[in-house]
Amino acid sequence: MLGSDLLSRLSSEHEVIGMDKDEIDIVSASDCDKAIQDTSPEIVINAAAYTNVDACEKDRAGCFAVNAEAVKNICEACRKSAIRIVHFSTDYVFDGKANAPYKEEDPCNPINVYGESKLAGEKYLQSLSDNYLLIRTSWLYGLKGNNFVKAILEKAKAKTYIADTMEKVKAKPTKSSILEVVDDQIGSPTYTKDLAAAVALLIEKNAQGIYHVTNRGNCTWHQFAERILKEAGFDKIEVKPIKSSQLKRPAERPSYSVLSKEKFIQTTGKSMQPWQLALQDYLNNYRSER
Ligand SMILES: NC(=O)c1ccc[n+]([C@@H]2O[C@H](COP(=O)([O-])OP(=O)(O)OC[C@H]3O[C@@H](n4cnc5c(N)ncnc54)[C@H](OP(=O)(O)O)[C@@H]3O)[C@@H](O)[C@H]2O)c1
């Protein structure tokens, strides 16, 4: 998802070589070495990860192999020529107990395996590279790959048909015309196209170290779902707020994972657009791609 937007955004100003899993398995140290030797890059951007947060709980080894050990491979492959590394991490390195946006230097304390593995990857990066940009981001959605916005739109399409039928027979809404979405997790939804533009800016500024980068503002998943449906014109679907515990998902999520945008603004002089506007942009692009 993010990788494809980075490729299109950065290609306008740089020579960019995109590599998929078929061309480089980052878990393989020799694949990483070979990719560096074949391409001699100035910068390596790692947008690959094991991102299925629930699957990580059952596949700890597989998750750590991609999110942590592979970062070590990339660092070692880049170290010989002091190649700059841009790497991505997550709001899930925090435990969610804060009540103000997390700053880059705030202590990490992940509460699920995915978060633990991403933090282990961060530590490899920080100890094995002297030339890195580590970007923590959150709640990504983009045109490629699966994400929350697409899932809500798909569910809404299916349920609209049922809601229309209910209206015709003048029945009250039932579970089939209602979406249930959690309202006890707060974060910042982020459009990967905006994130890719922010990465371009940070590269231009030669930014080093950790940066938090998300769209502006924050909301609950429930508020995000309501906004998606409103913007996409699904006015017959009701969104019922539920608690995370009702979902019984394998991985616990932080209840508050808003990231501070201050350092990004100070370094670039720019502010990311609010999540509501980013969503409008996304839906326009999503419609024109169909
Ligand atoms: N998605 C979010 O909400 C979110 C939030 C915060 C941070 N992040 C971070 O942002 C970055 C980008 O996330 P994303 O959502 O764009 O990820 P994504 O859509 O899941 O893409 C990750 C890519 O990595 C590939 N990959 C997995 N294992 C690999 C391996 N061993 N070698 C090479 N490629 C491999 C996957 O290929 P297959 O699909 O074929 O396995 C997939 O194409 C990641 O670092 C992620 O941790 C994401």
Side-chain angles (χ1 to χ4, degrees), residues 1-9 17-36 44-56 59 61-74 77 85-94 96 102 108 110 112-122 124-125 132-152 185 187-196 198-199 210-215 218-219 221 224 251 253-254 257-259 272 275 278-279 282:
M1 188 161 64
L2 175 60
S4 63
D5 276 336
L6 284 169
L7 197 55
S8 41
R9 177 62 183 78
I17 303 167
M19 288 190 169
D20 224 326
K21 206 169 161 184
D22 304 342
E23 292 144 295
I24 176 174
D25 175 358
I26 58 169
V27 170
S28 153
S30 60
D31 272 18
C32 293
D33 286 339
K34 185 172 181 311
I36 300 297
V44 166
I45 304 180
N46 177 31
Y50 192 133
T51 54
N52 185 332
V53 176
D54 287 320
C56 288
D59 183 16
C63 163
F64 267 75
V66 180
N67 292 345
E69 299 305 319
V71 181
K72 184 176 159 203
N73 294 340
I74 293 169
I85 302 172
V86 178
H87 177 69
F88 296 91
S89 189
T90 169
D91 53 333
Y92 285 8
V93 295
F94 297 112
Y102 283 101
C108 296
N112 58 39
V113 173
Y114 170 74
E116 279 180 49
S117 70
K118 293 297 288 183
L119 182 59
E122 288 192 7
Y124 275 133
L125 182 70
Y132 70 84
L133 171 61
L134 169 57
I135 296 171
R136 293 196 192 118
T137 187
S138 67
W139 295 23
L140 294 185
Y141 60 95
L143 290 173
K144 300 282 188 308
N146 295 324
N147 58 65
F148 182 78
V149 184
K150 282 186 188 173
I152 291 292
Q185 293 170 38
S188 301
T190 302
Y191 183 13
T192 48
K193 193 175 166 200
D194 288 354
L195 177 55
V199 173
I210 307 178
Y211 277 82
H212 288 174
V213 185
T214 68
N215 277 122
N218 59 72
C219 60
W221 288 112
F224 190 29
R253 268 82 170 164
S257 63
V258 180
L259 301 176
M272 300 273 283
W275 67 266
L279 176 64
Y282 173 79

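Side chains are part of it too, since the values below use all heavy atoms of this structure and drop only hydrogens, waters and symmetry mates. Both counts, for ligands and for their atoms, begin at 1 and track the order of listing.
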Student: Look up atom CD1 in I26 and atom CG in N46, then write down how far apart they are to the nearest 0.5 Å.
Tutor: 4.5 Å
Student: Under 4.0 Å and counting heavy atoms only, is there anything from the protein next to atom 43 (O) of ligand 1?
Tutor: no
Student: Is there at least one pair of N or O atoms, one from V66 and one from ligand 1, spaced under 3.5 Å apart?
Tutor: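 Not met; the criterion fails.
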Student: I need the contact type for T137 against ligand 1. Using non-hydrogen atoms and a strict under-4.0 Å cut-off, is it side chain, backbone, both or neither?
Tutor: both
Student: Identify, for atom 16 (O) of ligand 1, the protein heavy atom at the shortest distance, and state residue, atom and that distance.
Tutor: L2 N, 2.8 Å
Student: Nearest 0.5 Å, please: how far is CG in L195 from CG in L6?
Tutor: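 The distance works out to 6.5 Å.
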Student: For ligand 1, find out whether one of its N or O atoms is nearer than 3.5 Å to an N or O atom of L140.
Tutor: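 Yes: some nitrogen or oxygen of L140 is under 3.5 Å from one in ligand 1.
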Student: As an exercise, state the distance from NZ of K193 to OG of S4, rounded to the nearest 0.5 Å.
Tutor: 12.0 Å
Student: Is there a side-chain contact between Y92 and N112 (heavy atoms, below 4.5 Å)?
Tutor: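 Yes. Closest side-chain heavy atoms under 4.5 Å.
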Student: Take atom 6 (C) of ligand 1 and look for protein heavy atoms under 4.0 Å from it; say yes if you find one, no if not.
Tutor: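 Yes.
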Student: May I ask whether W139 places a heavy atom under 4.0 Å from ligand 1?
Tutor: yes
Student: Closest by any non-hydrogen atom to atom 46 (C) of ligand 1: pick that one out of Y92, F88, Y114.
Tutor: Y114
Student: Is any side-chain heavy atom of T192 less than 4.5 Å from a side-chain heavy atom of Y282?
Tutor: no
Student: What protein heavy atom is closest to atom 25 (C) of ligand 1, reported as residue, atom name and distance in Å?
Tutor: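 Ranking protein heavy atoms by distance from atom 25 (C) of ligand 1, first comes A48 CB, 4.1 Å.
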Student: Find out whether P110 and F94 are in side-chain contact, i.e. whether some heavy atom of one side chain is under 4.5 Å from a heavy atom of the other.
Tutor: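 Answer no - side chains too far apart.
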Student: Using a 4.0 Å cut-off to any heavy atom of I24, which atoms of ligand 1 qualify?
Tutor: 32 (N), 33 (C)
Student: For atom 32 (N) of ligand 1, which protein heavy atom lies nearest, and how many Å away is it?
Tutor: I26 N, 3.0 Å
Student: Just one of F148, W221, W275 clears the ring-ring contact (aromatic ring centres under 6.0 Å, His included) bar with W139, so which one?
Tutor: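 That would be W221.
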Student: How about Y211 and T137: do any of their side-chain heavy atoms sit closer than 4.5 Å?
Tutor: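 The answer is no, as the side chains (C-beta and beyond) never meet within the 4.5 Å cut-off.
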Student: Quick one: do H87 and Y132 satisfy side chain to side chain contact (heavy atoms under 4.5 Å, CB included)? Show the steps, please.
Tutor: CA-CA 8 Å; H87 177 69; Y132 70 84; over 6 Å; no
Student: Does some non-hydrogen atom of the protein lie less than 4.0 angstrom from atom 39 (O) of ligand 1?
Tutor: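 Given the 4.0 Å limit, the answer for atom 39 (O) of ligand 1 is no, no protein heavy atom qualifies.
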Student: To the nearest 0.5 Å, what is the distance between OG1 (T51) and CG (N147)?
Tutor: 11.0 Å
Student: Taking the non-hydrogen atoms of A70, is any one of them nearer than 4.0 angstrom to ligand 1?
Tutor: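 No, A70 has no heavy atoms under 4.0 Å from ligand 1.
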Student: Is N46 in polar range of ligand 1, meaning some N or O pair under 3.5 Å apart?
Tutor: no
Student: To check your reading of the model: name the closest protein heavy atom to atom 15 (O) of ligand 1, its residue, and the distance in Å.
Tutor: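 Among all protein heavy atoms, the one nearest atom 15 (O) of ligand 1 is M1 CE, 3.3 Å.
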Student: Within the 4.0 Å heavy-atom shell around K118, which atoms of ligand 1 are there?
Tutor: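 Going through ligand 1 atom by atom, the ones under 4.0 Å from K118 are 44 (C), 45 (O), 46 (C), 47 (O).
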Student: For A65 and ligand 1, answer yes if some heavy atom of the residue is under 4.0 Å from a ligand atom, otherwise no.
Tutor: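 No, A65 has no heavy atoms under 4.0 Å from ligand 1.
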Student: I would like to know whether L259 and S188 meet side chain to side chain contact (heavy atoms under 4.5 Å, CB included); could you show each step before the answer?
Tutor: CA-CA 8 Å; L259 301 176; S188 301; over 6 Å; no
Student: Return yes or no for this condition: an N or O of K21 is under 3.5 Å from an N or O of ligand 1.
Tutor: yes
Student: Passes side chain to side chain contact (heavy atoms under 4.5 Å, CB included), V199 versus R9? Steps please.
Tutor: CA-CA 9 Å; V199 173; R9 177 62 183 78; over 6 Å; no
Student: Could you give me the CA-CA distance, side-chain angles and deciding distance for R253 and D54, then say whether salt bridge (Lys or Arg N to Asp or Glu O under 4.0 Å) is met?
Tutor: CA-CA 10 Å; R253 268 82 170 164; D54 287 320; 2.7 Å; yes
Student: I'd like to check whether S89 has a polar contact with ligand 1, where a contact means an N/O of the residue lying under 3.5 Å from an N/O of the ligand.
Tutor: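 Looking only at distances, the answer is no, because the N/O contact criterion of under 3.5 Å is not met.
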Student: Do any nitrogen or oxygen atoms of A49 lie less than 3.5 angstrom from nitrogen or oxygen atoms of ligand 1?
Tutor: yes
Student: Test V149 against L279 for side chain to side chain contact (heavy atoms under 4.5 Å, CB included), laying out the working first.
Tutor: CA-CA 9 Å; V149 184; L279 176 64; 4.1 Å; yes
Student: How close does the nearest protein non-hydrogen atom get to atom 12 (C) of ligand 1, and which residue and atom is it?
Tutor: A47 O, 3.6 Å
Student: Consider every N or O of D25 and every N or O of ligand 1, then say whether any pair is closer than 3.5 Å.
Tutor: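 Checking ligand 1 against D25, an N or O pair does fall under 3.5 Å apart.
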Student: Between the candidates T51, I135, L6, T90, which shows the shortest non-hydrogen contact distance to atom 20 (O) of ligand 1?
Tutor: T51
